[in-house]
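The structure appears below as structure tokens.
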Amino acid sequence: MINDLNKQLVVLNDCLAQLERENQDLKLANTRLTENNDQLNKEVNSLSTEKAKLKNIAARLQASAVKVETLKKKWLSGKETGTLRAKDVEAFRISFAINENHVADAGDKTIYVKVTGPEGTTLPGPGGESVFDFDGKQSKYTYKVVTTFENDTKAVEPSIWKPAETLKKGKYTIEIYAEGYKMGSAVLDLK
């Protein structure tokens, strides 16, 4: 009987050794799978971040057909006419269109218009100096326009900006911004 029990004990010890080897193999496989899973989770997070970044870039609105006209009134007729003489300019008529974008969210959009003079300073609008967020910083703007965007190309109602002071000779840059990025720009050279 002791011999039978010893034989059973040997068989059980062999079985136990086999199970311990299988357990070690399973622990090793589990470790590899956990490492692979962690790596895949990191890649998923990285791709999700990249996807969000690319969607944000794709959702940016772009301005086209940016047009800046200078205005002055004729004394006798009272009609508005264009001029390139800085001292005669009474106002700018700024018009543009927002391009089609089906990635962007439809709805009301606040558009900031920045008129920069030849000295490189932003010219103030009717309410004085105002700021908006651009590239994580505060930037001055001349005036703002609110328009409804419906994912299709849309011409924004032309706006008129009257400078507070007589303009000087030089290049004037008109930049259009929305949601913290630049949509478009135009340059006007006054004599």
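These numbers come from a predicted model, not from an experiment. One-based numbering along the sequence shown.
- For the pair Thr122 (side chain) and Thr116 (backbone), a donor-acceptor distance under 3.5 Å is absent.
- For the residue pair Lys140 / Ser130, no side-chain donor-acceptor distance below 3.5 Å is found, with atom types taken as modelled.
- The CG atom of Asn41 lies 10.0 Å from the OG atom of Ser48; values are rounded to the nearest 0.5 Å.
- Rounding to the nearest 0.5 Å places CD1 of Ile160 at 8.5 Å from CD of Glu69.
- Note that OG of Ser185 and NZ of Lys114 are 11.5 Å apart. Values are rounded to the nearest 0.5 Å.
- With a 4.5 Å cut-off on side-chain heavy atoms, Val66 and Met183 do not count as touching.
- Looking at Asp133, its side chain never comes within 3.5 Å of a backbone N or O of Gly180 through a donor-acceptor pair.
- Residue Val115 comes nearest to Thr142 through the heavy atom pair N-OG1, 2.8 Å, listed as atom of the first residue, atom of the second, then distance.
- Across every non-hydrogen atom of Ala106 and Glu150, the tightest pair is CB-CA, 4.1 Å.
- A donor-acceptor pair shorter than 3.5 Å can be found between the side chains of Asp108 and Thr148.
- No path of Ile, Leu, Val, Met, Phe, Trp and Tyr side chains, each step under 4.5 Å between heavy atoms, connects Leu71 with Val156, placing them in separate hydrophobic clusters.
- Other residues, nucleotides and ligands contribute more than 12 heavy atoms inside 6.0 Å of the CD atom of Gln138.
- Between Ser159 and Arg93, every side-chain heavy-atom pair lies at or beyond the 4.5 Å cut-off.
- Contact annotation: the side chain of Leu19 approaches that of Glu22 to within less than 4.5 Å [non-hydrogen atoms, C-beta and beyond].
- Atom CG of Leu9 is separated from atom CG of Asn3 by 12.0 Å, given to the nearest 0.5 angstrom.
- At a threshold of 4.5 Å between non-hydrogen side-chain atoms, the residues Leu28 and Asn30 do not count as touching.
- In terms of heavy atoms, Pro163 sits closest to Ala91 at CD-CA, 4.0 Å.
- The pair Glu179-Arg60 does not count as a salt bridge, with every side-chain nitrogen at least 4.0 angstrom from each carboxylate oxygen.
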inquiry  = Could you go through Val89 and Lys72, starting from their C-alpha distance and side-chain angles, then the distance that decides it, and tell me whether this counts as side chain to side chain contact (heavy atoms under 4.5 Å, CB included)?
reply    = CA-CA 5 Å; Val89 173; Lys72 79 170 190 173; over 6 Å; no
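- In this structure, CG in Asn36 is found 9.0 Å from CZ in Arg32, a value given to the nearest 0.5 Å.
- Comment: Glu119 engages Lys168 in a salt bridge, judged by a side-chain N to carboxylate O separation of less than 4.0 angstrom.
- For the pair Thr49 (side chain) and Asn45 (backbone), a donor-acceptor distance under 3.5 Å is present.
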Steps toward side chain to side chain contact (heavy atoms under 4.5 Å, CB included) verdict (Leu167, Lys87) = CA-CA 6 Å; Leu167 299 177; Lys87 67 178 185 170; over 6 Å; no
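- A salt bridge links Lys191 with Asp189; the closest basic N to acidic carboxylate O contact falls under 4.0 Å.
- Shown here is Leu12, whose CG atom has more than 12 heavy atoms of other residues, nucleotides or ligands within 6.0 Å.
- For the residue pair Leu61 and Ala104, the shortest heavy atom distance occurs at CD2-CB, 3.9 Å.
- Inspection of the Gln24 and Glu20 side chains reveals no N or O donor paired with an N or O acceptor under 3.5 Å.
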message = Set out, in order, the CA-CA distance, both residues' side-chain angles and the distance that settles salt bridge (charged side-chain N to carboxylate O under 4.0 Å, His left out) for Glu175 and Lys182, then state yes or no.
response = CA-CA 7 Å; Glu175 299 171 307; Lys182 186 175 175 180; 3.2 Å; yes
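- Looking at every heavy atom in both residues, Leu190 comes nearest to Ala86 through CB-CB, 3.9 Å.
- At least one side-chain heavy atom of Lys27 sits less than 4.5 Å from a side-chain heavy atom of Asn23.
- Formation of a donor-acceptor pair under 3.5 Å by the Thr153 side chain with backbone atoms of Glu100 is found in this model.
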message = Determine whether Gln39 and Glu35 satisfy the following criterion, side chain to side chain donor-acceptor pair (under 3.5 Å), listing intermediate values before the conclusion.
response = CA-CA 6 Å; Gln39 181 64 30; Glu35 289 171 357; over 6 Å; no
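- Remark: Tyr177 pairs with Phe132, Phe134 by the ring pair (Phe, Tyr, Trp, His ring centres under 6.0 Å) rule, at least two apart or across chains.
- Not a single donor-acceptor pair under 3.5 Å links the side chain of Asn151 to the backbone N or O of Asp105.
- Hydrophobic clustering (ILVMFWY, side-chain heavy atoms < 4.5 Å, transitive): Tyr181 and Ile176 are in one cluster.
- Each of Tyr143, Phe149, Phe96 was evaluated against Ile111; a single residue qualifies, Phe96, per the side chain to side chain contact (heavy atoms under 4.5 Å, CB included) test.
- Summarising the geometry of Asn101 relative to Ala58, their closest heavy-atom pair is ND2-O, 2.8 Å, with the distance given to 0.1 Å.
- Partner of Trp161 under the ring-ring contact (aromatic ring centres under 6.0 Å, His included) criterion, out of Tyr141, Tyr172, Phe92: Phe92 alone.
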ask   = Under the salt bridge (charged side-chain N to carboxylate O under 4.0 Å, His left out) criterion, do Glu90 and Lys162 qualify, and how do the steps go?
value = CA-CA 6 Å; Glu90 295 176 8; Lys162 294 182 179 182; over 6 Å; no
